[in-house]
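Proteins come first, then strands; the chains are lettered A, B, ... in the order of their sequence lines, and each starts at number 1.
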Protein chains: 2
Amino acid sequence: MTRRSFQRLSEDARRNDLLEATLAVIADCGINAASARRIAERAGVSAGLIRHYFASKEEMLHAAYAHLIGQLISTAAEQADLGGTDADARLAGFVEANLSAPNLSDFKLSLWATFIGMIRSDAAYAAIHRDGYREFLEMLQVMIAPVRAAHELPATPADCRLLAIALNGLIDGLWLEGSLEHGLYDPRELAAIGLRAAEDILRLPEGTLLRHRAGQ
Amino acid sequence: MTRRSFQRLSEDARRNDLLEATLAVIADCGINAASARRIAERAGVSAGLIRHYFASKEEMLHAAYAHLIGQLISTAAEQADLGGTDADARLAGFVEANLSAPNLSDFKLSLWATFIGMIRSDAAYAAIHRDGYREFLEMLQVMIAPVRAAHELPATPADCRLLAIALNGLIDGLWLEGSLEHGLYDPRELAAIGLRAAEDILRLPEGTLLRHRAGQ
DNA sequence: GTCATTGTTTTACAGTCGTACAACAAGACG
DNA sequence: CGTCTTGTTGTACGACTGTAAAACAATGAC
């Protein structure tokens with residue numbers, strides 16, 4: 001018996017590989033088929049290594065969920081940052097990022113749904129969900145305030161929080177329908193639909209957000 | 001060894017018990033813990049019996065998903081029927097049913113999400129999802145037409161289909177946010193929010209749907 | 001070049017999984 | 001009451017599960 005040759009990786013790199021492999025296997029094979037052995041194989045690693053980075057497979061799944069949420073949020077935050085100091089552009093970028101690739105994808109939706117299905121029976125998933133939701137809402141609220149203020153609309157924290165909730169509902173609904181790929185609207189249209197609806201919800205003049213659309 | 005005493009049930013009754021037990025275990029314990037043995041125990045039956053009603057556990061899961069979708073749709077259809085021949089009341093009832101108990105629940109959301117997470121890796125789930133979505137859309141389209149016509153608004157099948165898609169997105173988004181129980185709005189308000197937004201989407205006079213609200 | 005460290009593989013194990021099938025008993029029918 | 005049908009139970013089996021731990025080898029320090 002000759003042993004497999006291998007390469008030592010930094011803790012961060014290997015951990016990341018395992019998390020990405022976990023997500024890939026769940027999305028491609030389903031959560032039921034996502035065994036430790038299959039995930040390890042996908043990561044190009046032996047099954048035993050998992051326990052070197054995570055206390056249990058369950059802990060790795062929790063970390064993978066947090067990893068996914070982090071990707072979704074940071075992708076949106078990065079696109080918002082492309083707007084620089086322009087409040088309208090920042091908000092538009094944030095909304096658009098959530099309604100276009102890579103956040104808009106059946107891959108991510110499949111994972112999101114799988115984990116959402118577990119928050120009822122596992123408090124760890126529920127906590128990760130709650131934290132991500134809070135962070136998302138807070139970012140929205142912070143971005144909404146200056147946009148509303150610039151158009152001389154009420155923009156107290158309380159106002160903006162309610163608007164953030166409504167906007168989050170809109171984004172979630174459109175993201176869900178778009179990612180489910182019902183083929184009912186061109187994915188490229190989705191961001192425009194969302195930006196237009198966001199203007200309505202925030203009572204902004206027509207085009208305030210839409211003219212900052214990056215795609216197309 | 002003395003055998004457990006048991007009762008023979010009709011095929012329909014036993015099948016239904018097994019499907020309900022399947023859903024209950026998935027929601028309460030998570031899909032990973034939903035083994036055939038645990039499901040059988042929940043149904044008050046031995047594990048071997050499953051194979052008498054379903055060719056495999058997988059087939060039972062598929063049937064359970066279809067069962068859930070059927071519940072969601074028929075609950076909404078029944079509440080629509082309470083509106084009798086009044087087109088406005090029928091549509092309002094349909095929308096409201098999807099935004100209040102029993103359709104609005106963390107139990108049902110948990111199941112819905114779990115199955116949605118599997119449509120990417122299993123064609124059988126995808127087919128069930130597609131069929132349910134089509135049926136839902138068609139019901140909306142049929143109910144929208146007379147409401148629009150009564151207010152002398154365009155109501156061709158093409159018009160109503162687009163409106164049904166938009167309305168479905170709204171319902172899905174609100175249902176999702178409401179069922180996730182973020183505690184951000186009173187569940188009783190949700191139906192009112194949805195009816196009000198539906199009036200906007202369909203360009204109906206204020207109160208057209210809202211005054212048919214059954215709850216409260 | 002040698003050694004120590006430790007990331008990685010391999011093997012082993014007890015438990016659980018889905019399921020096939022034989023034994024049984026509940027209910028229907030005469 | 002006896003007999004037949006078949007819904008239901010109990011058991012057995014091989015495959016797979018998560019995980020513990022020993023054996024090993026890649027890398028860095030000197």
Collect all protein-nucleotide pairs involving nucleotides 12-17 of chain D in which both atoms are nitrogen or oxygen and the distance is under 3.5 Å.
{"from": "dT17(D)", "atom 1": "OP1", "to": "S35(A)", "atom 2": "OG", "distance (Å)": "3.2"}

Pairs under 3.5 Å (N/O, protein and nucleotides 3-6 of chain D):
{"from": "dT6(D)", "atom 1": "O2", "to": "R8(B)", "atom 2": "NH2", "distance (Å)": "2.2"}

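With a 4.5 Å cut-off on side-chain heavy atoms, N16(B) and D12(B) do not count as touching. Two residues are said to be in side-chain contact when any heavy atoms from C-beta on lie closer than 4.5 Å; V95(B) and L170(B) fail this criterion. The shortest distance between side-chain heavy atoms of R134(A) and R130(A) falls below 4.5 Å. Counting only heavy atoms from C-beta outward, the side chains of L140(A) and L91(A) approach each other to under 4.5 Å.
Here the closest heavy-atom approach between residue A76(A) and residue A97(A) is recorded as CA-CB, 3.6 Å.
Put simply, CG on D17(A) is 15 Å from P on dG7(C), counting in whole angstrom units. To the nearest angstrom, C1' of dT8(D) lies 8 Å from CZ of R14(B). What separates CG of L61(A) from C1' of dG18(D) is a distance of 12 Å, to the nearest Å. The distance from atom CZ of R3(A) to atom C1' of dA22(D) is 9 Å, rounded to the nearest whole Å. When rounded to the nearest whole Å, the span between CZ of F6(A) and P of dT10(C) equals 9 Å. One can place CD1 of I31(B) at 16 Å from C1' of dT16(C), the figure rounded to the nearest angstrom. At whole-Å resolution of the value, CG in D12(A) and C1' in dG7(C) are 15 Å apart. Note: CG (L18(B)) to C1' (dT9(D)) measures 14 Å, nearest angstrom.
Contacts between residues 40-50 of chain B and DNA chain D, defined by a heavy-atom separation under 4.0 Å, are made by V45(B), S46(B), G48(B), L49(B). Near-neighbour residues of DNA chain D inside residues 21-28 of chain A, defined by a heavy atom below 4.0 Å, are absent.
For R4(B), no side-chain nitrogen or oxygen approaches OP1 or OP2 of dC24(C) to under 4.0 Å. A sub-4.0 Å separation between OP1 or OP2 of dT8(C) and a side-chain N or O of Y53(A) is present.
For residues 54-77 of chain B, the set of pairs meeting the salt bridge (Lys or Arg N to Asp or Glu O under 4.0 Å) definition, not counting sequence neighbours, is empty.
Counting any heavy atom pair closer than 4.0 Å across all strands shown, F54(A) reaches no nucleic acid atom. Residue Q7(A) is classed as a sugar-phosphate contact, given heavy-atom separations below 4.0 Å to backbone atoms only.
For F115(A), the ring pair (Phe, Tyr, Trp, His ring centres under 6.0 Å) test picks out Y65(A), Y125(A), with sequence neighbours left out.
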